[in-house]
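Structure, as structure tokens:
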Amino acid sequence: MILANDELKKLISTGRLKVDPLAPDTVRENGLDLRIGGEYAIYAYEGAVVKPCELENARHLFRIVKADEVVIPPRNFVLLTTEEYVKMPDDVVGLANLRSTLARYGLVIPPTVVDAGFEGNITIEVVNESPNTIVLKRGMRFLHLILVKAEGRALYSGTYQGQRGVTPPKGLRGEC
Amino acid sequence: MILANDELKKLISTGRLKVDPLAPDTVRENGLDLRIGGEYAIYAYEGAVVKPCELENARHLFRIVKADEVVIPPRNFVLLTTEEYVKMPDDVVGLANLRSTLARYGLVIPPTVVDAGFEGNITIEVVNESPNTIVLKRGMRFLHLILVKAEGRALYSGTYQGQRGVTPPKGLRGEC
Amino acid sequence: MILANDELKKLISTGRLKVDPLAPDTVRENGLDLRIGGEYAIYAYEGAVVKPCELENARHLFRIVKADEVVIPPRNFVLLTTEEYVKMPDDVVGLANLRSTLARYGLVIPPTVVDAGFEGNITIEVVNESPNTIVLKRGMRFLHLILVKAEGRALYSGTYQGQRGVTPPKGLRGEC
């Protein structure tokens with residue numbers, strides 16, 4: 001079941017779901033609208049060959065920019081972080097959706113999941129599929145997170161647990 | 001819970017979910033297949049800088065084309081509208097998915113949501129990620145809308161309520 | 001409801017959900033991580049005009065490459081197949097998500113659905129939105145499949161039922 005407005009407010013008021021900071025317009029009809037944080041990451045190189053399976057760590061491939069404005073050139077992507085630090089209950093899963101207004105401007109995100117039991121800021125890939133440069137601002141609502149009840153409980157225990165700020169990918173050496 | 005075929009037909013026959021026009025092949029195993037409508041929108045400019053936070057309205061950035069064929073150049077996107085005008089119950093949320101056949105040709109959409117209580121035609125960003133021009137036709141099934149029960153009720157009350165035809169994005173001046 | 005770890009293991013142990021081969025790290029907190037199989041498909045032509053509505057079959061447009069490494073050039077896409085052959089229960093639907101680590105490298109997939117009652121390898125469009133070439137490997141976990149309970153039962157009966165290996169799109173002649 002997708003949690004509607006009142007159910008989300010109950011989860012927050014009982015402390016089972018944490019969203020910090022929580023603005024008056026964060027809780028929407030059927031989900032949470034999360035905001036753009038104060039830094040983003042872009043690849044530091046172009047024309048390189050990136051082999052995740054051979055990388056211990058990929059941090060060096062990215063440049064992290066502290067800024068109140070995010071300028072995304074045509075046909076390029078940035079990693080954005082949410083302003084909010086969220087803490088998910090162990091029986092609710094988040095499905096990442098793009099705010100429909102931003103999709104209409106030509107932005108895209110991939111479908112990804114925020115696991116039950118995850119906590120941290122959320123890092124999201126945002127692609128500009130348009131032939132124009134698109135400029136976004138810190139504090140802008142961009143990520144529409146749908147929260148879905150899970151059958152059974154689970155606690156995310158992956159690498160990104162507790163991540164703060166925009167977080168580049170880990171290396172996958174040894175895993176593939 | 002995702003509503004399967006029989007549940008969808010019940011919602012439609014009781015009038016709680018409206019899909020107009022409703023074709024014999026609209027209701028599928030686990031969702032609705034909606035069709036391409038008779039107009040699409042593309043950016044009227046290339047190489048511009050688009051700042052949603054400074055726009056009252058973005059209509060002037062787009063050209064709306066009435067057509068039975070949609071020609072999408074390589075690595076470009078269009079805003080499509082569904083032929084169908086839908087009316088959602090207040091306790092069911094729609095998750096926009098791309099028909100798998102069209103994904104295999106190289107098309108992409110972002111994950112977006114159709115809120116409980118929304119009514120209107122649905123505007124969807126469709127990106128051609130391939131190195132070839134892809135030509136679609138009016139009336140073609142393209143959007144696979146999954147309908148998920150919500151816990152709690154909510155009524156969409158946003159700007160796009162009752163939208164008819166392809167609808168460019170609103171401006172976000174004053175909001176960010 | 002999204003099926004969590006224990007529920008997924010129950011479905012597999014009772015044989016209602018089949019995943020073959022099943023590795024120790026396939027079942028995750030809230031879904032299945034499926035692996036890259038041993039072949040992929042790319043368009044055999046560039047600069048062509050592709051009209052799905054006029055095609056009986058689109059197989060001739062694609063080149064299928066048997067390989068343990070998948071090299072995806074900047075701003076291009078491939079069709080990947082899962083290593084696993086899955087068999088879905090008739091009351092559970094799969095939602096395709098990209099593993100967050102791969103999204104952070106600049107890869108994107110569209111939101112697509114694995115219908116209740118579907119069986120086969122799963123073919124997924126993977127786009128490289130980055131300015132760098134990205135190299136993936138056979139056996140790498142890439143697709144995070146969320147399994148959601150359906151209300152009502154349904155059996156997928158489409159063209160791709162029982163598909164083996166990477167499967168290019170069907171033609172849509174006669175349908176639009």
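As the structure is a computational prediction, the values presented were derived from the model and not from experiment. In what follows, chains are A, B, ... by sequence order, proteins preceding strands, each numbered from 1. These values consider heavy atoms only, across backbone and side chains, with no hydrogens, waters or symmetry-generated copies.
Contact of C:S157 with chain B is made through backbone and side chain together, with heavy-atom distances under 4.5 Å. Within the 4.5 angstrom heavy-atom criterion, no atom of C:L80 approaches chain B. If you measure heavy-atom distances from C:E46 to chain B, the contacts under 4.5 Å come from both the backbone and the side chain. In this structure, the portions of C:Y156 lying under 4.5 Å from any heavy atom of chain B include both its backbone and its side chain. Using a 4.5 Å cut-off between heavy atoms, C:L155 contacts chain B through its backbone alone, with no side-chain atom that close. Heavy atoms closer than 4.5 Å to chain C are found nowhere in B:P73, neither backbone nor side chain. Using a 4.5 Å cut-off between heavy atoms, B:L102 touches chain C through its side chain atoms alone. With a 4.5 angstrom heavy-atom cutoff, B:P74 does not touch chain C via any of its atoms. Contacts of C:P168 with chain B are made by backbone atoms alone, with heavy-atom separations under 4.5 Å and no side-chain atom involved. Neither the backbone nor the side chain of B:I36 comes within contact range of chain C, judged by heavy atoms closer than 4.5 Å.
At least one donor-acceptor pair under 3.5 Å links the side chain of B:Y105 to the backbone N or O of C:K170. Without hydrogens or angle criteria, B:N30 side chain to C:A116 main chain gives a donor-acceptor distance under 3.5 Å. Remark: side-chain polar atoms of B:D6 are not paired, donor with acceptor, to backbone N or O of C:R153 under 3.5 angstrom. With hydrogens and angles ignored, the 3.5 Å screen pairs a side-chain donor or acceptor of B:R75 with a backbone N or O of C:R75. Proximity of a side-chain donor or acceptor of B:N5 to a complementary backbone N or O of C:A154 within less than 3.5 Å is not detected. Judged purely by atom type and a 3.5 angstrom limit, C:Y160 has no side-chain atom pairing as donor or acceptor with the backbone of B:S100.
Taking CD from C:E125 and CG from B:L98, the interatomic distance works out to 7.5 Å, rounded to the nearest 0.5 Å.
For the salt bridge (charged side-chain N to carboxylate O under 4.0 Å, His left out) with C:E175, the qualifying choice from B:R35, B:R99, B:K137 is B:R99, the only one to do so. When each of C:I109, C:V127, C:T112 is tested with B:V108 by the rule side chain to side chain contact (heavy atoms under 4.5 Å, CB included), just one qualifies, namely C:V127.
Salt-bridge check for B:K149 with C:E151: passed, with a basic side-chain N closer than 4.0 Å to an acidic carboxylate O.
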